[in-house]
Amino acid sequence: MARAESAEATLAEVVRLVANELVAEVCSIYLLRAGEVLELFATQGLNPSAVHRTRLRVGEGLVGDIAAHGRAMALADAQAHPQFAYRPETGEEIYHSLAGVPIVRAGRVLGVLVVQNRTRRQYDEEEVETLQTIAMVLAELVSAGNIVSPNEVQQVDGLGLLPLRVDGVQLTPGVSIGRAVLHEPRIVIQRVVAEDTAQEQQRFQDAVHGVREDVDRMLEAHDMQSGEQREILETFRMFVDDRGWMERVREAIVSGLTAEAGVQRAFDDVRARLGQSTDPYIRERLSDLQDLSNRLLLRLTGRVAVDPASLPDDMIVVARDMGPAELLDYDRTRLRGVVLEEGSALSHVAIVARALDIPVVGRAPDVLSRVEAGDSIVVDGDNAQVLVRPAEDVLQGVYAAIEARTERRRKYAALRDLPSVTRNQAPISLHMNAGLLIDMQHLHDTGADGVGLYRTEIPFMVRSEFPDVDAQAWLYGRVLDLADGRPVTFRTLDVGGDKVLPYVGAFGDENPAMGWRAIRIGLDRPAMLRGQLRALVQAANGRPLSIMFPMIADVGELMSARKLLELELDRAKRRGVTLPERLRVGVMFEVPALAWQLDSLLPHVDFLSVGTNDLLQFLFAADRGNSRLAGRYDSLSPALLRLLHFVVEKTRPAGVDLAVCGEMAGRPVEALALLAVGVRNLSMSPGAIGPVKAMIRSLDLGGATGFMTSALSQPDRPLRETLRLFAADHAIEI
Ligand code: PEP
Ligand code: MG
């Protein structure tokens, strides 16, 4: 009672303040009650006796209309509006103007906030915004159950639900539709103080044992062909055995806490210490620890996890963040997508989701409080957005997009076994870029000729410590096994810049893209680079090996790197390791200065691979990660194309292979331009191979080369539009 009275008093105070602030004679709050009824709960200006008496159906009158459509309204002459419904008990006939906004939470309309004036007043945008802000606060009050008890609030399905779009970032691509499952690991602890400490220690011990068994079962149950998935779960299991953490829990129990309170305390301590960290590695460890704590708490409190059978067949899991083991707990045959409030593309959960081919949108703000379990949701990883309770027409559009995507996949899959040749029979090598073992499966689905760029730093970035030579050799050996005879070009570590190793930390460079990174670190820390080269030679174990050095800016750097490689080859020979059957050494062409050193560089390399991502940023002095510069300099500029043409002309007579492995190679129009300046080898993300191959097979290379030669002799302007027109005129699929 007391609670209800104080809530009524709060509402009365709110309407008084709003009326004052907006200089309105009337301010009223209507709340939605069971039976689709909007009831007047508080008013300043209307007859006080109308409170709790005046009721409108949703859709009835202007207030009902605001609730039904969930949108604001501002009318200078409200009485002239066809929806106006007069209620004599309120005494509102003297008020002409009206502005009202819905009170909405988690996409549900909970009521309406209205102001009225006698004069025919035009409410401005700012006033309506003020009302909306106040309505937001009211929504929190109402949904906390302090005003209307939750079972009296409107619960009819479908009513008051508003569609919502939440923008986030793509963690994994793809689009899917399903129903929301709120992943809710928070567990309330009832018993905090222990009576029998020894018994609590035993309970803790049993719970740890149980969780360890669960993880083991998971390792057996899921097909763990992929190294990273297995490794992630194994790391997680090691976590379960982590002595430091267990010791903390034991100490908490000794101090008199129950086992569950001890687990919670130990987790809270770690979170308090590390929770503010923006370091993605630390955040990842925290979410692993949260995952572990929740598993222990579930066991200790005897609370059963949600019965998996009760979950929908098309689950979209919505969570603040989650660990990889938590994701694998869901039945993968029914899992359609994941939405996270946090998360990064390199988080373990994203890596596992990518392997399962499930779209994930991360950093979706407040999504947990805006979605209800069972809501229909679209996870659109391709456009980095989440559509909650989409309207039927939007849904139809999404179905069409999914269908078109499937159709495209079918079409490109059909191209898989067809040769990558132009219409005039010129062969073009198509390779894919990879960075994790799980990517290797795409060699098979795409029919790529090999891996043109294996970014070795990516596996380094998802690990908890620098891998030793044996661990690296195992990994590279697996890559070569999975490539099954197709060539793989391993690029040595390209860390530094924005690619920070969690166990090394940032270097504090003021201009990191041009800082201490890639080969510069490798040459300054030769033990690290030699370790990697040793692992590569060991992994090849007599098979062909192709090694590429990143960010070479000066021929001397290549010579030094080659010297380290020679030392490793000698060492391998001395120790009886079988040397690679064929060794190819190349460099990334990313730094423009290399263009004027080609004469001295080319005799020392077998191939050159152009990293257009970095080359463009250095050529135009434009940070590749700066969204304000995105699109400012076109990759189809004569400056870049002339430079590439120059490199083609230099490498060809020298017998040095030339490839392009930056993102540009994977976009059909850009790939067309690259072929037209003479490039014959492209390496790209696996998804791009189908579209680029379709372009190649529809292209007459002679025509494109002639077109490019004349276009590059014209005054400078980007060639994007002219190339598009050229492609359209010549039926080239771009
Ligand atoms: C490039 O710079 O184009 C490239 C392929 O390397 P990364 O994107 O890994 O820097
Ligand atoms: Mg690069």
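Counting starts at 1 for both ligands and their atoms, in listed order.
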Taking [X] first and then [Y], would you say they form a salt bridge - that is, a charged N and a carboxylate O separated by under 4.0 Å?
X	Y	result
Glu733	Lys411	yes
Arg423	Asp700	no
Arg584	Asp657	yes
Asp321	Arg363	no

**Message:** Check this for me - ligand 1, Asp614, N or O atoms closer than 3.5 angstrom, yes or no?
**Reply:** yes

**Prompt:** Does any N/O atom on Asn613 come nearer than 3.5 Å to any N/O atom on ligand 1?
**Reply:** yes

**Request:** Name whichever N, O or S atom of Asp614 ends up nearest to the Mg ion (ligand 2).
**Result:** OD2

**Prompt:** Going by atom types only, do Glu663 and Thr612 share a side-chain donor-acceptor pair under 3.5 Å?
**Reply:** no

**Asked** Between the side chains of His442 and Asp439, does any donor sit under 3.5 Å from an acceptor?
**Response** no

**Request:** Check whether any N, O or S atom of Glu590 sits under 2.8 Å from the Mg ion (ligand 2).
**Result:** yes

Enumerate the atoms of ligand 1 whose separation from the nearest heavy atom of [X] is less than 4.0 angstrom.
X	result
Gly611	1 (C), 2 (O), 3 (O)
Asp494	10 (O)
Cys661	5 (C)
Leu453	5 (C)

**Prompt:** For ligand 1, is Glu663 a contact, meaning one of its heavy atoms is under 4.0 Å away?
**Reply:** no

**Message:** Just to check, does Met588 reach to within less than 4.0 Å of ligand 1 when the distance is taken from its heavy atoms?
**Reply:** yes

**Fill in**
For Pro365, the side-chain contact (heavy atoms from CB on, under 4.5 Å) test, sequence neighbours excluded, returns Val166

**Asked** How does Arg491 reach ligand 1, if at all, at less than 4.0 Å between non-hydrogen atoms: by side chain, backbone, both, or neither?
**Response** side chain

**Message:** Does Gln538 form a side-chain hydrogen bond (donor to acceptor under 3.5 Å, both in side chains) with Tyr476? I'd like the steps, not just the answer.
**Reply:** CA-CA 9 Å; Gln538 214 168 295; Tyr476 306 144; over 6 Å; no

